Amino acid sequence: MKTLRFHVVLMMLQACLVTGVNAKQCTVAGVTHQPLTQIVLKNYDGSQTTNTDSSGRFRFRVTIRSVQYFQLTFDRTIHLALIPGDSIFVTFD
């Protein structure tokens with residue numbers, strides 16, 4: 001049975017509360033030990049798909065105006081709550 005451990009490091013670049021916030025870009029990036037694997041980031045608006053590079057790295061950029069919930073899927077699903085301006089790095093062990 002394969003065990004997948006992950007560490008989420010959350011850096012708040014800006015603390016914005018939801019009312020009247022201008023749209024700001026968020027970054028969700030990470031690394032996995034499996035190169036050239038498909039990663040999906042989705043929320044109620046739709047989804048984005050990317051493949052990890054030859055080193056297992058991936059990156060998504062999304063623009064949001066308020067707190068939004070996302071699902072990051074690779075072997076399993078991680079639930080994320082992004083605030084405008086967030087930068088999140090996920091490591092899959």
Side-chain angles (χ1 to χ4, degrees):
M1 183 168 152
K2 181 179 173 183
T3 305
L4 178 66
R5 293 178 296 145
F6 61 92
H7 306 280
V8 178
V9 178
L10 173 63
M11 297 182 308
M12 302 291 284
L13 295 180
Q14 283 189 331
C16 304
L17 295 175
V18 284
T19 322
V21 175
N22 292 329
K24 296 199 174 157
Q25 193 171 51
C26 295
T27 301
V28 177
V31 65
T32 175
H33 293 289
Q34 294 181 324
L36 307 174
T37 301
Q38 189 175 65
I39 309 282
V40 179
L41 181 69
K42 71 178 182 177
N43 70 351
Y44 65 89
D45 279 337
S47 65
Q48 298 180 35
T49 303
T50 192
N51 290 323
T52 57
D53 64 14
S54 60
S55 299
R57 293 180 297 228
F58 63 91
R59 177 178 295 182
F60 292 98
R61 289 198 175 130
V62 294
T63 302
I64 58 176
R65 292 184 180 277
S66 61
V67 174
Q68 289 191 22
Y69 297 95
F70 289 84
Q71 292 179 353
L72 181 66
T73 304
F74 162 83
D75 280 3
R76 62 176 49 184
T77 299
I78 298 173
H79 299 274
L80 304 171
L82 297 180
I83 296 172
D86 271 352
S87 180
I88 295 176
F89 189 85
V90 179
T91 302
F92 292 96
D93 290 338

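Note that this is a predicted model, so its numbers are computed, not measured.
For the pair Asp45 and Gln68, the minimum side-chain heavy-atom distance is below 4.5 Å. Side-chain contact between Ile64 and Phe70 is present, with heavy atoms from C-beta onward closer than 4.5 Å.
Contact between Lys24 and Pro84 at its shortest, heavy atoms only, is CB-CB, 3.8 Å. Across Gly85 and Cys26, no two heavy atoms sit closer than the pair N-SG, 3.5 Å. Across all their heavy atoms, Ile88 and Val90 have their closest contact at CG2-CG2, 4.0 Å. Here the closest heavy-atom approach between residue Gln38 and residue Phe74 is recorded as O-CD1, 4.2 Å. Counting all heavy atoms, side chain and backbone alike, Ala81 lies closest to Asp86 at O-OD2, 3.9 Å.
Listed by first and then second residue, the side chain to side chain donor-acceptor pair (under 3.5 Å) pairs that reach into residues 47-57 are Asp53-Arg57, sequence neighbours excluded.
The only member of Leu41, Val31, Thr37, Leu72 that meets side-chain contact (heavy atoms from CB on, under 4.5 Å) when paired with Phe58 is Leu72.
Between atom CG of residue Asp75 and atom OG1 of residue Thr32 there is a gap of 7.0 Å, rounded to the nearest 0.5 Å.
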